[in-house]
Amino acid sequence: IFSNRRTPSCPLDSSTIGILYICSNMNNEVIDLSLIDSTRNNQIYDTSYHVIQKLGLSEQVNHVTNSLTLLLITAIVLLAIDWLTRKFLLAVFTKFILSTKTSIDDFLINNRVLEKLAHLAPIIIAGILLPIVFSGYPNWLYVISKIVDVILVLTILQLLNAILKTFIDVLRLQKAF
């Protein structure tokens with residue numbers, strides 16, 4: 001549960017308002033997501049941190065600015081990868097599929113299987129890049145990795161749904177169905 005208020009399953013006092021915490025319902029432990037663990041940084045994080053450090057801001061502001069900058073760069077890269085994979089898959093395979101004489105593979109395009117398949121690449125890459133962005137925030141990294149995992153599962157389910165719709169459409173062509 002994300003909360004900045006006191007709940008029965010999350011015993012926080014009034015001093016915690018305004019800071020994001022995760023409260024586990026199983027054992028009522030509170031994890032402070034604002035902690036910075038400088039021992040878990042990596043080379044990309046460190047390099048960009050040292051560039052931002054030259055601005056003369058406080059250490060906490062440097063870490064936040066660094067993470068936000070890396071997050072923005074990651075978002076732009078992921079959007080570009082998503083766009084490129086969709087354009088590549090659709091351009092290459094659509095021409096190939098439409099040039100064939102069978103109508104079975106046309107259902108792949110109609111049910112948007114290739115589009116859903118193209119969305120897997122940026123999600124997988126996000127799972128690789130986001131630990132770099134949040135390497136100084138291990139508690140945030142846990143939450144972010146779970147969110148990426150959920151998005152990956154939902155995308156795979158959408159892909160499987162589109163594939164099953166394709167099979168249904170193919171079976172409808174058969175006389176027995």
Side-chain angles (χ1 to χ4, degrees), residues 1-4 7 9-10 20-27 29 31 33 37 40-45 47-48 64 66-177:
I1 299 171
F2 291 105
S3 177
N4 63 354
T7 61
S9 62
C10 181
L20 188 60
Y21 286 87
I22 293 180
C23 301
S24 172
N25 289 335
M26 296 196 166
N27 50 9
E29 62 184 40
I31 301 171
L33 294 179
D37 184 5
R40 294 195 51 173
N41 293 346
N42 58 41
Q43 187 176 2
I44 295 172
Y45 188 91
T47 303
S48 59
V64 171
N66 187 30
S67 292
L68 290 177
T69 304
L70 289 174
L71 184 62
L72 178 66
I73 292 169
T74 302
I76 292 169
V77 167
L78 291 176
L79 288 173
I81 290 171
D82 185 54
W83 184 80
L84 288 172
T85 55
R86 277 188 293 124
K87 292 298 179 189
F88 175 75
L89 279 177
L90 291 177
V92 171
F93 289 109
T94 301
K95 287 181 183 178
F96 175 73
I97 288 172
L98 293 177
S99 67
T100 62
K101 294 181 181 180
T102 62
S103 62
I104 295 172
D105 52 4
D106 294 338
F107 292 124
L108 291 172
I109 296 173
N110 294 340
N111 291 319
R112 300 173 47 200
V113 172
L114 296 176
E115 290 178 33
K116 307 231 187 280
L117 182 64
H119 290 305
L120 286 178
I123 296 170
I124 292 169
I125 293 172
I128 297 167
L129 292 179
L130 288 177
I132 294 170
V133 173
F134 292 102
S135 63
Y137 301 90
N139 296 329
W140 277 102
L141 183 58
Y142 176 77
V143 172
I144 296 294
S145 68
K146 293 302 175 192
I147 291 171
V148 170
D149 290 345
V150 167
I151 292 171
L152 180 63
V153 168
L154 291 175
T155 304
I156 290 172
L157 288 175
Q158 285 182 337
L159 176 64
L160 290 175
N161 187 29
I163 291 171
L164 289 175
K165 284 182 181 179
T166 301
F167 284 135
I168 290 171
D169 291 341
V170 169
L171 289 175
R172 285 185 182 154
L173 293 178
Q174 306 298 320
K175 292 180 182 177
F177 293 96

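All values derive from a computational prediction rather than experimental measurement.
Panel note: side chain S99, backbone F96; a donor-acceptor pair is recorded below 3.5 Å.
Listed by chain and number, the residues in a side-chain hydrogen bond (donor to acceptor under 3.5 Å, both in side chains) with T74 amount to none (sequence neighbours excluded). Residues satisfying the side chain to side chain contact (heavy atoms under 4.5 Å, CB included) test with L164, not counting sequence neighbours, are F167. Remark: T85 engages no residue in a side-chain hydrogen bond (donor to acceptor under 3.5 Å, both in side chains) (not counting sequence neighbours).
For the atom pair T47 OG1 and N66 CG, the distance stands at 9.5 Å (nearest 0.5 Å). If you take CG on N161 and CG on L154, they are separated by 12.0 Å, rounding to the nearest 0.5 Å. The distance from atom CD of Q158 to atom CG of L120, rounded to the nearest 0.5 Å, is 10.0 Å. Taking OG1 from T155 and CG from L117, the interatomic distance works out to 11.0 Å, rounded to the nearest 0.5 Å. From L159, atom CG reaches atom CG of L114 across 9.5 Å, with rounding to the nearest 0.5 Å. Note that CG of L72 and CD1 of I76 are 4.0 Å apart. Values are rounded to the nearest 0.5 Å.
Counting heavy atoms from C-beta outward, N139 and V143 have side chains that stay 4.5 Å or more apart. Side chains of L70 and F134 form no contact here, defined as non-hydrogen atoms less than 4.5 Å apart.
The two residues P122 and L78 have their closest heavy-atom pair at O-CD2, 3.2 Å. The two residues P131 and A126 come nearest to each other via the heavy atoms CD-O, 4.1 Å. The shortest heavy-atom contact between D82 and A118 is OD1-O, 4.1 Å. The minimum heavy-atom distance between V133 and L71, with the atom names listed, is CG1-N, 3.7 Å.
No donor-acceptor contact under 3.5 angstrom links the side chains of D169 and N110, judged on distance only.
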Pairs under 3.5 angstrom only: tabulate donor-acceptor contacts from the side chains of residues 87-95 to other protein residues two or more places apart or in another chain.
from : atom 1 : to  : atom 2 : distance (Å)
T94  : OG1    : L90 : O      : 2.4

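By the neighbour-count criterion of 12 heavy atoms within 6.0 Å, atom CD1 of I44 is sparsely surrounded, having that number or fewer from other residues, nucleotides or ligands.
Each salt bridge (charged side-chain N to carboxylate O under 4.0 Å, His left out) pair with one or both residues in residues 130-154, not counting sequence neighbours, would appear here, but there are none. Judged as a salt bridge (charged side-chain N to carboxylate O under 4.0 Å, His left out), the pairs with a partner in residues 99-112 (not counting sequence neighbours) are, in order, R112-E115.
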